Amino acid sequence: MNVMQQMQENLKEEIKNAVLTAGLATEEELPEVILEQPKDKAHGDYATNMAMQLARIAKKAPRQIAEDMVDHLDQSKGSIEKVEIAGPGFINFFIDNQYLTKLIPTIMEQGKEYGASNIGKGEKIQVEFVSANPTGDLHLGHARGASVGDALCHILDKAGYNVSREYYINDAGNQIHNLALSVQARYMQALGKEFPMPEDGYHGADIIEIGKVLAEEHGDKWADKPEAEQHAFFREYGLKYELDKLAKDLESFRVTFDHWFSETSLYEEDKIVPAIELLKEKGYIYEEEGATWFRSTEFDDDKDRVLVKQDGSYTYLSPDIAYHKNKLDRGFDTLINIWGADHHGYIPRMRAAIQALGYDAETLEVEIIQMVNLFENGEKVKMSKRTGKAVTLRELMEEVGIDAMRYFFVMRSADSHLDFDMDLAKSESSDNPVYYVQYAHARICTMLKQAQEKGINYSADYDASLLQSDKAEDLLKKLGEFTQMIADAAENRTPHRVTQYIFDLAASLHSFYNAEKVINPDQLEETKAKLALMEAVRITLANGMDLIGVRAPESM
RNA sequence: GUCCCAGUAGCUCAGCAGGAUAGAGCAACAGCCUUCUAAGCUGUGGGUCGCAGGUUCGAAUCCUGCCUGGGACGCCA
């Protein structure tokens, strides 16, 4: 808890005491103290709506209650400078913000750790994200999922959760057979033979590439082998090639995983039958029309779901249940799955499975990432997975750069559609928010460097009374909010809050920069105080950017 | 037909578990570089928060219905 949070707690405690000593409510009746930061500075630093909340309990007019509260408020505590009653019964607090200067030494001391808290109390959370099928290149939707998932993991980690990041590899179903057939076709074609692509084949450029590589490395030695042998080979080769590519692309994109979990391993280690057996013991399984059904309607699903088809093979749901059981067996308190919008219909049956396995429905959280539309030259870029003409993650990385992508993909709340403006993302101007933020960081670095060249050394031990301007106070307040902002973003699973925060902090920095000269050898002590402030802002900006996978450049 | 998400300034979006006169950025307009990077700053204009009801001291926020856009509803994965 930093000094700002400490101050807020003290203030809340004082408000509570005032209500109790004024006899307006009993301890039990007392609602939670809500402290808000008014948008208008004329309304003070903090305000509480306690008087309005108490109106019914105390059976008095809110303004009267507010007056009673203020009479019983001990203003010597909680750094209160002035109190006002306003509007329908708000109590506005004007705080002596001198305490904020204590933030700077804290931030400088904590460095990369600044912003960390223990709100997660070590809760074990597993985040499964991306999990794209190893049958083609990663495209825009995956890029957004990767950006959001990775940012969320960093945020949760910072907020004191114990995070494990996982990628589920769908390497067992029909689609892998199709991959094998597609690779086979491209291989044959690379050898100059006529060979049709399978019905649901994968038309991506990557598969054509595999065919070429195979033809070069192996010549035509596979062309006349028995079908089964060919399929096994192409399957294995294709899978390995695709997986290596996925991992490499994601790593370039600064996204890494703790575990790559193979669906096939569920078969090999015989995890599926026992999972279904367990549900059967609990009475959620029945047979009908030659198939095995999961009675998911017990848990609010629209209809029951088939687990084993008439032909004896599993539906996708079966290994998925086994997989989630496996996750839970590994001792995670909470599972977060990050899925594309096209999978949202799948949530109720998965939730039902979690409950059938004996866990609370809330154990599984599914964050849905809405679609991304790509715009170039003001026009929507059409995408088609079928023809393989989708814009890939790698292409986009090369064209617009990783920083801009990472920033843009988490910039909006995940559950709203995202228009990705290529021209804006590529532009090196202040219109581009990622440059705006990075520029703020680079500007500070330049100042610190120049101070150093002039032989001016700053430290956490500075004269705080020299930081009195409104612009400096704005910066300090913003710095103080960092830890709480991360905690909120973690609890609400809203990584986009981080981009908003660093954008606002950058704006405050630019504003300060234009209003005040930092380095002034004639005012050495003031210069040192400002440099300390700059360093604190720099650390906070860098930490914020780190959370969303954006680089903090020292010069631009 | 059922379900999910969205509808806020000309455009793209915030609005944190109802709170004061609804906020940013872009675009428009007017200013600021002999001074630490103008990739920046300052100011102005711009809104029936899709529509209609309801809940209450108070609703962009919660509830109901409707309209519009997108997506999902397989013994596919």
Side-chain angles (χ1 to χ4, degrees), chain A residues 32 34 36-40 42-43 47-49 52-53 55-56 61-62 86-90 92 133 135 170 172-176 178 200 263 288-293 302-303 305-317 319-320 340-348 368 370-371 373 375 378 411-419 421 424 427-433 435-436 438-440 442-451 454 484-485 488-489 491-492 494 496-497 499-500 503-504 506-507 509-520 527 530-531 534 555-556:
Chain A
E32 191 196 345
I34 295 170
E36 60 183 53
Q37 299 183 35
K39 294 163 209 155
D40 189 340
H43 295 141
T48 184
N49 60 354
M52 277 105 87
Q53 290 196 303
R56 204 174 309 165
F90 288 100
N92 296 335
N133 289 347
T135 54
N170 293 111
N174 274 332
Q175 77 277 14
I176 296 302
N178 275 328
D200 299 315
E263 181 185 359
E288 198 174 285
E289 297 174 8
T292 303
W293 295 73
D302 291 346
K303 45 188 148 184
R305 307 292 172 177
V306 172
L307 292 181
V308 184
K309 299 181 235 173
Q310 282 180 339
D311 67 5
S313 64
Y314 295 120
T315 60
Y316 183 73
L317 185 58
D320 232 9
D342 53 342
H343 283 79
H344 88 254
Y346 200 72
I347 298 172
I368 290 297
Q370 287 293 339
M371 288 186 45
N373 289 317
F375 284 80
M411 177 165 67
R412 306 297 181 211
S413 78
D415 58 8
S416 46
H417 302 196
L418 175 74
D419 287 344
D421 184 338
L424 180 60
S427 79
E428 300 190 356
S429 75
S430 59
D431 299 357
N432 188 340
Y435 278 90
Y436 183 85
Q438 289 181 315
Y439 184 45
R443 263 189 158 165
I444 296 173
C445 289
T446 303
M447 286 187 278
L448 297 179
K449 203 169 140 201
Q450 295 203 1
K454 289 191 165 84
Q484 188 61 48
M485 178 281 295
D488 288 347
E491 283 189 296
N492 298 318
T494 48
H496 71 282
R497 293 275 290 279
T499 56
Q500 286 173 12
F503 186 87
D504 287 348
L509 183 277
H510 288 310
S511 181
F512 175 86
Y513 180 94
N514 274 273
E516 301 190 28
K517 181 90 177 156
V518 171
I519 299 170
N520 181 357
T527 297
K530 285 180 175 175
L531 287 170
M534 289 301 98
S555 65
M556 288 173 76

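Note that this is a predicted model, so its numbers are computed, not measured. Throughout, protein chains are lettered first and strands after them, A, B, ... in sequence-line order, and every chain is numbered starting at 1.
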Checklist entry - Atom CG of L418(A) and atom P of C13(B): how far apart are they, to the nearest Å? => result 7 Å

Checklist entry - NE2 of H344(A) versus C1' of U2(B): gap in Å, rounded? => result 11 Å

Checklist entry - What nucleic acid atoms does S427(A) come within less than 4.0 Å of, heavy atoms only: base, sugar-phosphate, or nothing? => result nothing

Next on the checklist: Tell me every residue that passes side-chain contact (heavy atoms from CB on, under 4.5 Å) with E32(A), counting only those two or more places apart in sequence or in another chain.
Outcome noted: none

Next on the checklist: Keeping S555(A) on the side-chain end and A442(A) on the backbone end, is there a donor-acceptor pair under 3.5 Å?
Outcome noted: no

Item to check | Selected nucleotide, minimal atom distance to N492(A) side chain, candidates U12(B), A17(B), A77(B) | outcome: A17(B)

Next on the checklist: Let me confirm one number: the NE2-CD distance from H344(A) to Q370(A), rounded to the nearest 0.5 Å.
Outcome noted: 8.5 Å

Checklist entry - Counting side-chain heavy atoms from CB outward, which of A77(B), C16(B), U35(B) is closest to R497(A)? => result C16(B)

Item to check | Rounded distance (Å) that lies between atom C1' of G15(B) and atom CG of D415(A) | outcome: 13 Å

Checklist entry - What's the CG-P distance between D419(A) and G70(B), to the nearest Å? => result 13 Å

Checklist entry - What integer number of Å spans the C1' atoms of G45(B) and A28(B)? => result 9 Å

Checklist entry - When you compare G65(B) with U2(B), how far apart are their P atoms, in angstrom units rounded to a whole number? => result 11 Å

Next on the checklist: For C51(B), does the O4'-C1'-N9-C4 or O4'-C1'-N1-C2 angle fall within 90° of 0, making it syn, or is it anti?
Outcome noted: anti

Checklist entry - Would one find a side-chain N or O of K454(A) under 4.0 angstrom from OP1 or OP2 of C36(B)? => result no

Checklist outcome for this item: Checking C73(B), C5(B), A39(B) against the side chain of K303(A) (C-beta onward), the nearest is C73(B)

Checklist outcome for this item: Taken to the nearest 0.5 Å, the spacing of F512(A) CZ from M534(A) CE works out to 4.0 Å

Checklist outcome for this item: Expected label for A17(B) (glycosidic angle, syn inside 90° of 0, else anti) would be syn

Checklist entry - Considering only the P atoms, how many Å lie between A24(B) and G69(B), rounded to the nearest integer? => result 33 Å

Checklist entry - Can you tell me how far the OH atom of Y436(A) sits from the NE2 atom of H510(A), to the nearest 0.5 Å? => result 5.0 Å

Protein and nucleotides 18-26 of chain B: nitrogen or oxygen contacts under 3.5 angstrom:
residue : atom : partner : partner atom : Å
G19(B)  : N7   : N49(A)  : ND2          : 2.8
A20(B)  : OP2  : K39(A)  : NZ           : 3.0
A20(B)  : N6   : N92(A)  : OD1          : 2.6
A20(B)  : N1   : N92(A)  : OD1          : 3.1
A20(B)  : N1   : N92(A)  : ND2          : 3.1

Checklist entry - Mind checking the P distance from A17(B) to G70(B)? Whole angstroms is fine. => result 31 Å

Next on the checklist: Using modelled atom types and a 3.5 Å cut-off, is there a donor and acceptor pairing between side-chain atoms of K454(A) and backbone atoms of N520(A)?
Outcome noted: no

Checklist entry - In terms of side-chain heavy atoms of R443(A), which of A38(B), G74(B), A72(B) is nearest? => result A38(B)

Checklist entry - Are the side chain of N92(A) and the backbone N or O of A47(A) linked by a donor-acceptor pair below 3.5 Å? => result no

Checklist entry - Taking atom CD1 of I519(A) and atom OG1 of T446(A), what is their separation to the nearest 0.5 Å? => result 9.5 Å

Next on the checklist: Using the P atom as the point on both nucleotides, what is the distance between A60(B) and G54(B), in whole Å?
Outcome noted: 15 Å

Next on the checklist: Taking the C1' atom in each of C33(B) and C41(B), what is the distance between them to the nearest angstrom?
Outcome noted: 11 Å

Checklist entry - Which nucleotide in the set C36(B), A39(B), A14(B) lies at the smallest distance from any side-chain heavy atom of H496(A)? => result A14(B)

Next on the checklist: I want to confirm an ordering. Mapping R305(A) and Q37(A) to their closest nucleotides on RNA chain B, which one lands closer to the 5' end?
Outcome noted: Q37(A)

Checklist entry - Hey, does Q438(A) reach any base, or is it just sugar-phosphate, or nothing, if we go heavy atoms under 4.0 Å? => result nothing

Next on the checklist: Heavy atoms only, 4.0 Å cut-off, all strands: where does E263(A) land among base, sugar-phosphate and nothing?
Outcome noted: nothing

Checklist entry - Choosing from C16(B), A6(B), G70(B), which nucleotide comes nearest the side chain of M371(A)? => result G70(B)

Checklist entry - Among the nucleotides A77(B), G71(B), C75(B), which one has an atom lying closest to any side-chain atom of E289(A)? => result C75(B)

Item to check | Spacing between I34(A) atom CD1 and C16(B) atom P, to the nearest angstrom | outcome: 13 Å

Next on the checklist: Check this one for me: any side-chain N or O of K309(A) less than 4.0 Å away from OP1 or OP2 of A77(B)?
Outcome noted: yes

Checklist entry - For Q450(A), which contact category applies under a 4.0 Å heavy-atom criterion: base, sugar-phosphate, or nothing? => result sugar-phosphate

Next on the checklist: I need the R443(A) CZ to L448(A) CG distance, nearest 0.5 Å.
Outcome noted: 13.5 Å

Checklist entry - Counting just side-chain N and O atoms, does S416(A) come under 4.0 Å of either OP1 or OP2 of A14(B)? => result yes

Checklist entry - Does any donor-acceptor pair link the side chain of H417(A) with the base of G70(B) at a separation under 3.5 Å? => result no

Next on the checklist: Could you spell out the base pairing of RNA chain B as a dot-bracket line? Use Watson-Crick and G-U wobble contacts where both distances are under 3.5 Å, [ ] for crossing pairs, | for partners on a different strand.
Outcome noted: (((((((..((((.....[...)))).(((((.......))))).....(((((..]....))))))))))))....

Item to check | Between C36(B) (C1') and L448(A) (CG): distance, integer Å | outcome: 10 Å

Next on the checklist: Using whole Å, what does the distance between atom C1' of nucleotide C75(B) and atom CH2 of W293(A) come to?
Outcome noted: 7 Å

Checklist entry - Do Q500(A) and D504(A) pass the side chain to side chain donor-acceptor pair (under 3.5 Å) test, and can you show the C-alpha distance, the side-chain angles, and the key distance before you say yes or no? => result CA-CA 6 Å; Q500(A) 286 173 12; D504(A) 287 348; over 6 Å; no

Checklist entry - Take atom NZ in K309(A); do more than 12 heavy atoms of anything else shown fall under 6.0 Å from it? => result yes

Item to check | Separation between CG of N178(A) and OG1 of T135(A), rounded to the nearest 0.5 Å | outcome: 9.0 Å

Next on the checklist: If I pick the P atom on C11(B) and the same atom on C51(B), what distance separates them, to the nearest angstrom?
Outcome noted: 15 Å

Checklist entry - Hey, does A442(A) reach any base, or is it just sugar-phosphate, or nothing, if we go heavy atoms under 4.0 Å? => result base

Checklist entry - When you measure from the side chain of H510(A), which nucleotide among C5(B), A39(B), C41(B) comes out closest? => result C41(B)

Next on the checklist: Once you apply a heavy-atom cut-off of 4.0 Å, does T315(A) come out as touching a base, just sugar-phosphate, or nothing?
Outcome noted: sugar-phosphate

Next on the checklist: Does a side-chain N or O of Y513(A) approach OP1 or OP2 of A38(B) to a distance below 4.0 Å, or not?
Outcome noted: yes

Checklist entry - Within the structure shown, what part of the strands sits under 4.0 Å from Y346(A) by heavy-atom distance: base, sugar-phosphate, or nothing? => result base

Checklist outcome for this item: Heavy-atom nearest nucleotide on RNA chain B taken for Q370(A) and for V308(A); more 5' hit belongs to Q370(A)

Checklist entry - Rounding to the closest angstrom, what is the interatomic distance between A20(B) and C49(B) at atom P? => result 15 Å

Next on the checklist: Side chain of N133(A) only, heavy atoms from C-beta on: which candidate in A77(B), C75(B), A72(B) is closest?
Outcome noted: A77(B)

Next on the checklist: Run N49(A) and F90(A) through side-chain contact (heavy atoms from CB on, under 4.5 Å) and show every step you take.
Outcome noted: CA-CA 5 Å; N49(A) 60 354; F90(A) 288 100; 4.2 Å; yes

